[in-house]
Structures are given as structure tokens and as C-alpha cells.
Amino acid sequence: MRASPTLAAMAVYPFTRLDDAKRRVREAGVELIDFGIGDPQEPTDPIIRQALVDGLRESSSYPVSAGLPELREAIAAWVGRRFGTAIDPATQVVPTYGSKEAIFSFALATVDVPSGKDTVVVTEPGYPVGERGALFAGARVLRLPLLERNGFLPDLDAIPAAEWARISLFWVNYPNNPTGAVAPLGFYEELARRAREHDFLLCSDEAYSELWFDGPTASALEVADGAVAAGASGGAAAADPARSLANIVVFNTLSKRSSMTGYRSGFVAGDPEVIATMRAFRPTIGTAPQEFVQRASVVAWSDERHVGEARARYAAKRAVLLSALRDCGLRVAASEATFYLWVHVPEGTTSEAFAERLLAGGIVATPGSYLGPSGEGFIRFALVPPLDACERAAAILRDLL
Ligand SMILES: Cc1ncc(COP(=O)(O)O)c(C=O)c1O
């Protein structure tokens with residue numbers, strides 16, 4: 001294979017291994033219920049689908065990479081409603097083609113390796129895309145483990161003093177894939193304080209921010225000095241968003257919130273200096289979402305009803321699986337938000353061996369070890385199959401274990 005050395009050195013994307021195992025079991029005639037990959041199988045709300053259709057024009061030209069002004073305004077309005085933080089749609093938001101491409105290419109656009117600020121911090125187990133982007137950008141990667149005893153938050157005090165000056169980007173992802181852990185606002189505040197002290201960017205991947213169950217989760221966007229209580233009369237306009245979001249960049253997406261993985265629509269928001277860099281970089285790669293997708297996205301960010309309905313569906317599936325897992329004596333860790341359940345495998349078995357045992361019964365789940373070394377000892381269920389399939393899976397689990 002002709003490949004860049006960076007690509008050649010990368011391990012096989014772990015889900016490819018899972019796909020191979022699934023194929024073998026399916027060929028043996030077992031019907032699979034797939035909790036493996038976090039691709040929502042929920043319907044996209046009809047108002048969003050209609051907006052997509054209405055957004056089609058007779059002729060089609062290149063979408064501008066800064067995104068439609070009305071989409072940037074809809075996103076800024078959503079951020080204001082959800083987090084009580086005023087951001088400027090002209091200078092603090094860029095719509096993206098889902099969040100994956102933006103997360104991947106972020107290091108390419110922002111890291112200056114020869115300057116000595118050559119390090120990108122990531123957490124593991126985790127979504128591998130920030131790390132992969134860093135490697136393609138020639139950066140050094142520092143992996144921090146997410147451990148149950150720390151609430152699956154990285155232990156900032158365990159980072160050696162000499163490292164801080166080298167950090168360029170520090171990726172965090174809460175609500176977290178795969179652990180379902182949430183971060184308190186105090187964690188973002190502390191990380192933002194260190195980001196300003198050592199001049200790195202706090203990169204907060206908040207793809208699952210809307211899939212909460214016990215109440216809305218915190219965001220790095222709330223760290224802003226100028227954050228105001230949602231609904232405070234006229235307060236949002238008083239904040240100085242440019243100053244208050246210094247060194248903070250947040251990545252979000254409609255994929256999970258609005259069950260729109262196939263549309264490819266997300267955004268990056270935060271520090272205006274960084275947004276200016278992205279606006280300079282992005283025309284080169286040409287990953288602006290199609291205009292009709294952007295028009296549908298305006299409707300999606302402007303509506304909360306469909307999000308509440310999706311949350312209720314996930315809550316029902318979660319209850320079914322949680323009760324079965326507990327009946328089987330399996331201990332569920334974190335799993336406070338997102339559509340993932342992060343479950344301890346029984347003593348004396350490995351993540352992969354346990355996943356194979358479940359697979360033989362027709363249940364696909366992801367071995368935690370696929371998601372990073374600290375994922376060993378866990379298995380991840382993505383609550384994406386429909387409720388009736390979750391109920392069948394619960395019965396199979398009770399039989400099998
Ligand atoms: C943690 C995390 N971030 C980002 C993404 C990217 O989602 P999208 O590119 O669909 O916006 C995913 C997708 O699974 C994810 O799990």
C-alpha cells in the first residue's frame with residue numbers, strides 16, 4: 001500500500017476488527033443486535049427533513065466556508081439559550097461538516113511544532129480523532145488516562161511541570177465517549193485557567209452535550225468571564241465574548257443531538273483569534289456543509305422539542321439495559337450522560353473475550369480496550385438500536401449471563 005508514514009504507523013481503526021468479528025457471527029446464522037458503533041438509528045425529525053427539501057435550489061454553487069450567516073446566527077442564539085453565553089456570530093462561530101473533520105484538522109491549522117509548543121494532549125479511552133489529527137500534523141501526543149477513581153476526568157496535577165509549556169492543544173470530551181462521565185463546570189474553569197497561564201487551547205469536544213438525563217451538563221462555553229444566567233434580562237449582550245472565551249474552543253454537532261449523522265453538520269465556537277485561523281484555513285480543505293444542509297441545520301438548532309423527545313427515547317432504552325445489566329451482576333461505571341453505558345466486565349476476563357461471549361449470543365458491544373489501554377476491563381454499549389431490540393437484548397443478557 002502506498003501510504004504516508006503517519007498512516008502506515010497507525011493501528012487498524014479498531015472498529016474494523018469489530019466489523020470482521022460481526023461478519024463471522026452473522027455468517028454463522030446469528031441475528032445481531034448492534035450496540036457497537038454510536039450511530040443513532042433514530043428518525044430525523046420531519047421539520048428538519050422538510051427544511052432540507054425546502055433548502056434545495058435550482059442551481060447549486062460552492063458553499064462559502066464561513067457558513068451561511070443565518071446558520072451562524074442560529075448557532076449563536078442556541079449557545080446563548082443553552083449556556084447563557086453571548087457569542088458573536090460573525091467572529092466566534094464556524095459551521096463545520098459534522099465535527100469529525102474539524103477535530104481532525106484542528107492541529108493542522110493551529111499547531112506550530114517548531115516553536116516548541118509541539119504537544120497535543122488527549123485522553124484515553126476515547127474518540128481517537130484528535131490524536132490522529134495531531135499525528136498527521138507532526139505533533140507530539142501526550143495521552144492521559146481516564147480512571148474511575150478520578151471520575152473519569154484527567155488528573156491535571158499528575159502532568160509534570162515541564163510539560164505544560166509544550167502544550168499547544170488540550171482535548172477533552174464531556175459528556176464523555178466512552179465512559180458517559182460528565183465534567184463539572186469547575187473542571188473547565190481550572191483547565192481554562194491553566195490554558196491562559198501556559199497559553200494553550202482548551203479544545204472541548206461536546207458532541208454529546210444534549211444527551212443528558214439528570215439535568216443539562218456543563219460546557220466550556222460557560223467558563224467565560226462574561227457568562228450570564230440564561231434568561232437574565234439583556235445580560236447576554238453585556239458580556240465581552242472576545243475576552244471571555246480566550247483560549248477556549250468548543251466543538252459541537254447535530255449528529256447526536258438531532259440524530260443527523262448523515263447530514264454532516266456541526267460547529268466550532270469560541271476564541272475569535274482561533275476562529276479567524278479556522279476561517280483562513282478551511283477554504284483550503286473545502287469541507288463546508290452543503291447549503292441545503294445548512295438551511296436544515298438552522299431549523300435543527302432552533303428547535304428543542306425534538307431533542308427532548310430523543311432524550312426521552314434514550315432514557316427508556318437506558319432504563320431497560322441498566323436493569324438487565326444489574327440483574328446480571330455487572331457493575332455500570334459513570335454512564336451519567338451520552339447514549340453509552342460503560343460497564344465493568346466480570347473479574348478474570350478481558351474486554352475482548354467478554355465482547356466475544358456476548359457476540360456469540362447476538363449482542364454486539366465494543367471492548368473497552370479498543371478505545372485505549374485504560375479501557376481494558378470495560379465494555380461499551382451504544383444505546384442506538386430501537387427500544388424493542390433493547391428489550392430483546394435485555395432478555396438475551398439475562399439468559400446468557
Ligand atoms: C466524542 C465524539 N466527538 C465527535 C464525534 C463526531 O461526530 P460528527 O462528526 O458526526 O459530528 C463523535 C462521533 O462519534 C464522537 O463520539
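Indexing begins at 1, ligand by ligand and atom by atom, following the structure's order.
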- Anything with a heavy atom under 4.0 Å from ligand 1 counts, so go ahead and list those protein residues by chain and number. G98, S99, K100, I103, Y127, N173, N177, D205, A207, Y208, T253, S255, K256, R264
- Query: Quick one: is the NZ or CZ of R318 closer than 6.0 Å to the six-membered ring centre of F213, and within 45° of its axis?
  - Reply: yes
- Message: Could you check whether D199 pairs with K117 (Lys NZ or Arg NE/NH1/NH2 to Asp/Glu carboxylate O, under 4.0 Å)?
- Response: no
- Item | salt bridge (charged side-chain N to carboxylate O under 4.0 Å, His left out) involving E124 - partner list, sequence neighbours excluded | none
- Task: Considering only NZ, NE, NH1 and NH2 on the basic side and carboxylate oxygens on the acidic side, decide whether E70 and R295 come within less than 4.0 Å.
- Result: yes
- Query: Can you list every pair that meets side chain to side chain donor-acceptor pair (under 3.5 Å) and has a residue in residues 59-69, with sequence neighbours left out?
  - Reply: none
- side-chain contact (heavy atoms from CB on, under 4.5 Å) partners for L387, two or more places apart: A316, K317, V320, E391
